[in-house]
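Have a look at the structure below before the remarks.
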Amino acid sequence: MLNYRAPHQAVHFLSENFSRRPEEVQVLDVACGSGLVARLMAELGFKHFVGVDGSQGMLDQATKTGLYKELKLALLGTEPLPAQPGVFDLVMIVGALRDGFVPVSVVRELCLAAAPGGYVCMSRNGLESESGNQYKVSLEAELQLMEEEGLWSHVTTKEIDQYMIDVYNCDHVQKDKYVHGTMYLYRKSLL
Ligand SMILES: C[S@@+](CC[C@H](N)C(=O)[O-])C[C@H]1O[C@@H](n2cnc3c(N)ncnc32)[C@H](O)[C@@H]1O
């Protein structure tokens with residue numbers, strides 16, 4: 001109903017910017033939900049997934065995909081990310097970096113989970129509200145600060161249209177009103 005395109009767009013963005021052999025890549029899918037991101041990545045040849053989500057119901061759905069080696073329950077921001085540090089070649093987070101979901105502070109934990117030289121791919125929607133804008137400002141300040149601290153380097157950012165229908169601002173007449181999204185790719189430092 002929402003024409004939720006974020007997983008497709010994020011995986012397409014990844015495929016344009018990530019050239020490692022997919023079958024060898026250890027993926028941490030944070031806020032994995034029902035497993036849509038892993039399903040699309042599996043079509044590209046990715047095989048090794050660990051998933052984390054704050055909802056047991058979502059993890060039950062993700063289990064049904066049969067794609068995850070492990071699925072862990074954690075409410076991020078209040079509980080630490082349950083992932084071994086420095087292990088994952090690729091950390092994905094799609095559709096959960098927003099106010100009321102995963103707080104900006106968790107981005108450091110995503111970086112910690114990545115292996116040296118590994119990648120962190122983040123996709124968020126741009127709700128046109130004060131809190132949505134504030135979240136984006138805080139997120140981008142944190143991303144930049146982490147780069148200045150030498151934790152990772154920026155690879156690329158892409159702004160996208162048609163992330164999903166803006167259910168908060170769309171009325172029956174204007175069903176084609178979409179919110180924008182932004183995708184970020186960072187590479188963790190080798191040290
Ligand atoms: C819009 S869904 C995205 C799911 C999946 N990544 C996708 O793109 O299909 C957002 C997910 O984030 C999870 N989530 C929201 N806040 C969370 C938190 N603080 N900790 C862990 N998971 C959270 C929700 O349970 C939900 O599964």
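Whatever order the structure lists ligands and atoms in, that order sets their numbers, starting from 1.
- Residues Gln144 and Glu148 have side chains that bring a donor and an acceptor to within less than 3.5 angstrom of each other.
- Under the 4.0 angstrom criterion for non-hydrogen atoms, Ala6 is not in contact with ligand 1.
- Here the shortest heavy-atom distance to atom 24 (C) of ligand 1, taken over Asp53, Val106, Leu40, Leu97, belongs to Asp53.
- Residue Val94 has at least one N or O atom closer than 3.5 Å to an N or O atom of ligand 1.
- Between the side chains of Glu140 and Tyr184, at least one donor N or O lies within less than 3.5 Å of an accepting N or O.
- By the 3.5 Å distance cut-off applied to N or O atoms, Pro103 is not counted among the residues near ligand 1.
- In the candidate list Ala31, Gly95, Ala74, Ala31 is nearest to atom 4 (C) of ligand 1, counting heavy atoms.
- Tyr119 and Asn17 are not linked by any side-chain donor-acceptor pair at a separation below 3.5 angstrom, with hydrogens and angles left out of the test.
- Listed by first and then second residue, the salt bridge (charged side-chain N to carboxylate O under 4.0 Å, His left out) pairs that reach into residues 39-58 come to none, sequence neighbours excluded.
- Below 3.5 Å of separation, one finds no N or O of Leu75 facing any N or O of ligand 1.
- Looking at Ala10 against ligand 1, nothing comes within 4.0 Å, counting heavy atoms.
- No salt bridge links Glu79 with Lys72; every basic N to acidic carboxylate O contact stays at or beyond 4.0 Å.
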